[in-house]
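Take a look at the structure set out below.
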Amino acid sequence: MTDKPVPVPTERSKPFWDSLKAHRIDIQQCDDCGHWFYYPRLHCPRCMSASLSWKTVSGDGELLTYTITHIPTLPELADEMPQKLAVVRLDEGPHLNTTLVGMEEGEISIGMRVTPVFDDLVPGEVTLLRYTRA
Amino acid sequence: MGLQGAAAIVGCAQYKPEKMSTAPKAFHFDQVADLGRLALADAGMEASQIDGLVVTSAYFNEARHLVPAMIGEYLGLKLNFGEVVDLGGASGVAMAWRAAAAIELGLCEAVLCVIQARLPPIDVAVEQASVASKKKYGAHSANFGAPEAEFDLPYGHVAQNTGYAMIAQRYAAKYGYDPRAMAKIAVDQRTNACATPDAIFHGKPLTIEDVLESRMVAEPLHMLEIVMPAAGGAAFIVARKDIGRSNANRPAVIRGFGEYIQCKSPTYADEMLDTPIGPASKRAFAMSGFKPADMDMAQIYDCYTITVLLSLEDAGFCPKGEGMRFVRDNDLTFRGNFPMNTHGGQLSFGQAAAAGGLSQLVEAVQQIQGRAGERQLKSHDLAYVSGTGGVMSEQTALILQGE
């Protein structure tokens, strides 16, 4: 178990979290306008269509921005200091919040290519999507 | 399109920002009544002249629902217009234009707008639990089913600091970054606070070195570039500018406004450096017929130094990417060529929760009325006022002109 905040999947987001547990990344694409989006929804945030499909993507993308924290953003995350909070833009377009792992501070630069790391926070129950250099 | 200039801010009241722990406590109904009474006295008006009310409900202690009716009943007001605004730090400016619109539509003669931000006198244990839970998740939504709880918190993306830090980092990558220019924003504002007796940091001058040597919180933001929460609150009255009043305080006419809501989290903005203050300000200036260069003062919402920098650029006071040069080349104090946040800004005046943004509006009105004391500007006819909620999520702009 963990005392860290963990995602509690909903009916609409379960396919995403299940895919991470299988070390795969499934996100949604609109059947009507082709828009890829994240986080999961029951409608397309571009055209409001409810006709959506789950599709597997590589998860590769570009580092949009990051920050190194010097004070933990939550007490339960004190063991992750310094946190390397980041925003990644997937090659399909959607942006997502994540953290960078396996990288020294000096290696990080905005615009660099990054690739997914599956973090089995609670094995079999919770897998988070973290990132590292491609 | 827009306002015709028939509505004006005619009176204000503001509690001096104080430390949460030592500030007076009162039920929120009583804070609203007290601030409302003080604003009426400042305007030289009677309670019977008020026929509109704009309040918050997200921050209201004793009630969450039907708040305007409960406050109206408590104050003994009969209302033609009852409104709740939930735009975080942008709420104050958002209240002003809603009130002005209600007046110009002929709904109301005078609208009381209030945001109370002292603690209620509730049980210490309850209060601590409430404060602790707010601290933990930054007062945003951590409820089951909220995207923030599911997709932000597990990665440590919590509250405001890191969101603003990541905006600043992206700015640095795209346009370059001068930490000394960013520190100068806080330093110039502190100079202004030292001429503002009510400022929480009155009498405490600051240097660029002090800012750069303060603790790094989330790169590139230092502690002294981040606003300090305080207890306080403020109220103002928007009325027909010719309404009967017992004093001759100069009305601050609402000439233009804009509001733009982008995303709750900047992560999901198409481009987080294109902030909502751009479209909001463009609309406000166009409606007023004035340009940024016409303004005698800029009262810019300043939860962080980066908020000020991006607002200067996107509101049109300087070109995109040249904000740091603008800050270096201009004196932002009340004695300077570009008077900005002449009360010290929230960074040095204190941020009374969602009422923090009202400090900018109150300062603009006091300057326009010529009642700003030691820091009074010589030219004080036109003011730009901005509001910012969330993490550059929702922003508002207001153009005020002395009658």
Side-chain angles (χ1 to χ4, degrees), chain A residues 2 4-14 16-17 37-41 45 63-78 80-89 93-101 105 108-112 119 121-122 126-131, chain B residues 132-133 135-138 140 142-177 214-223 226 262-273 304 306 391-392:
Chain A
T2 177
K4 295 172 190 281
V6 294
V8 183
T10 62
E11 207 171 310
R12 63 183 183 247
S13 67
K14 193 169 178 299
F16 170 71
W17 294 114
F37 59 92
Y38 177 89
Y39 43 83
R41 292 167 172 88
L63 181 64
L64 263 190
T65 189
Y66 73 100
T67 183
I68 310 286
T69 70
H70 292 238
I71 298 173
T73 56
L74 287 174
E76 295 84 351
L77 302 177
E80 298 180 15
M81 295 302 291
Q83 294 161 282
K84 300 181 182 75
L85 305 185
V87 181
V88 167
R89 174 161 53 207
H95 302 177
L96 51 84
N97 282 325
T98 186
T99 50
L100 300 174
V101 292
E105 290 180 29
I108 306 171
S109 66
I110 288 171
M112 73 189 297
D119 177 2
L121 191 66
V122 184
V126 181
T127 300
L128 295 181
L129 177 56
R130 305 195 194 273
Y131 272 82
Chain B
S133 107
K135 243 187 196 162
K136 186 162 182 178
Y137 293 122
H140 293 176
N143 294 345
F144 176 58
E148 182 174 341
E150 199 175 345
F151 303 102
D152 296 359
L153 296 182
Y155 297 98
H157 290 253
V158 182
Q160 321 281 64
N161 290 344
T162 56
Y164 280 98
M166 290 193 296
I167 291 174
Q169 294 277 81
R170 183 160 173 81
Y171 184 96
K174 194 161 181 187
Y175 299 109
Y177 200 80
S214 68
R215 187 171 181 184
M216 184 66 83
V217 174
E219 295 179 17
L221 300 177
H222 302 84
M223 189 72 86
I226 300 175
Q262 181 144 280
C263 280
K264 162 74 169 57
S265 162
T267 293
Y268 306 115
D270 292 340
E271 170 51 68
M272 63 175 74
L273 296 180
Y304 298 81
I306 185 68
V391 184
M392 305 299 248

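Here is the naming used below: chain letters follow the sequence lines, and residue numbers restart at 1 for every chain.
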Engaged part of A:L77 at the chain B interface, taking heavy atoms whose separation is under 4.5 Å: side chain
Any side-chain heavy atom of A:T73 within less than 4.5 Å of one from B:H157? no
In Å and rounded to the nearest 0.5 Å, what is the CD to OG1 distance from B:E219 to A:T69? 9.0 Å
Greatest number of non-hydrogen atom pairs under 4.5 angstrom with chain B, of A:P82, A:P9, A:P45, falls to A:P9
Rounding to 0.5 Å, atoms NE2 (A:H70) and CG (B:N161) come to a distance of 12.5 Å
Where does B:A269 contact chain A at under 4.5 Å (heavy atoms): side chain, backbone, both or neither? backbone
Would you find a donor on one side and an acceptor on the other, under 3.5 Å apart, between the side chain of A:R12 and the backbone of B:G145? yes
Polar side-chain atom of A:Y39 near backbone of B:E148 as donor-acceptor pair, under 3.5 Å: no
Could you walk me through whether A:Q83 and B:Y155 pass the side-chain contact (heavy atoms from CB on, under 4.5 Å) check? CA-CA 9 Å; A:Q83 294 161 282; B:Y155 297 98; over 6 Å; no
Evaluate B:F144 against A:T10 for side-chain contact (heavy atoms from CB on, under 4.5 Å), listing each step before the verdict. CA-CA 8 Å; B:F144 176 58; A:T10 62; 3.9 Å; yes
Relative to chain B, which of A:L63, A:T99, A:L64 shows the most heavy atom pairs under 4.5 Å? A:L64
I'd like to verify something: which residue of A:L85, A:V126, A:V6 has the highest number of heavy-atom pairs under 4.5 Å with chain B? A:L85
Could you please spell out the steps behind the side-chain contact (heavy atoms from CB on, under 4.5 Å) verdict for A:L96 and B:F151? CA-CA 8 Å; A:L96 51 84; B:F151 303 102; over 6 Å; no
With chain A, which of B:R215, B:K174, B:M272 has the greatest number of heavy-atom pairs at distances under 4.5 Å? B:R215
Greatest number of non-hydrogen atom pairs under 4.5 angstrom with chain A, of B:R170, B:E150, B:M216, B:Q169, falls to B:E150
Contact part of A:F16 toward chain B, heavy-atom cut-off under 4.5 Å: side chain, backbone, both or neither? side chain
Would you compute the distance between atom CZ of A:R89 and atom CG of B:D270 and round it to the nearest 0.5 angstrom? 9.5 Å
When only pairs under 4.5 Å are counted, which of A:L129, A:V88, A:L121 shares the most heavy-atom pairs with chain B? A:L129
Looking at A:I68, A:N97, A:T67, A:I71, which one forms a side chain to side chain contact (heavy atoms under 4.5 Å, CB included) with B:T162? A:T67
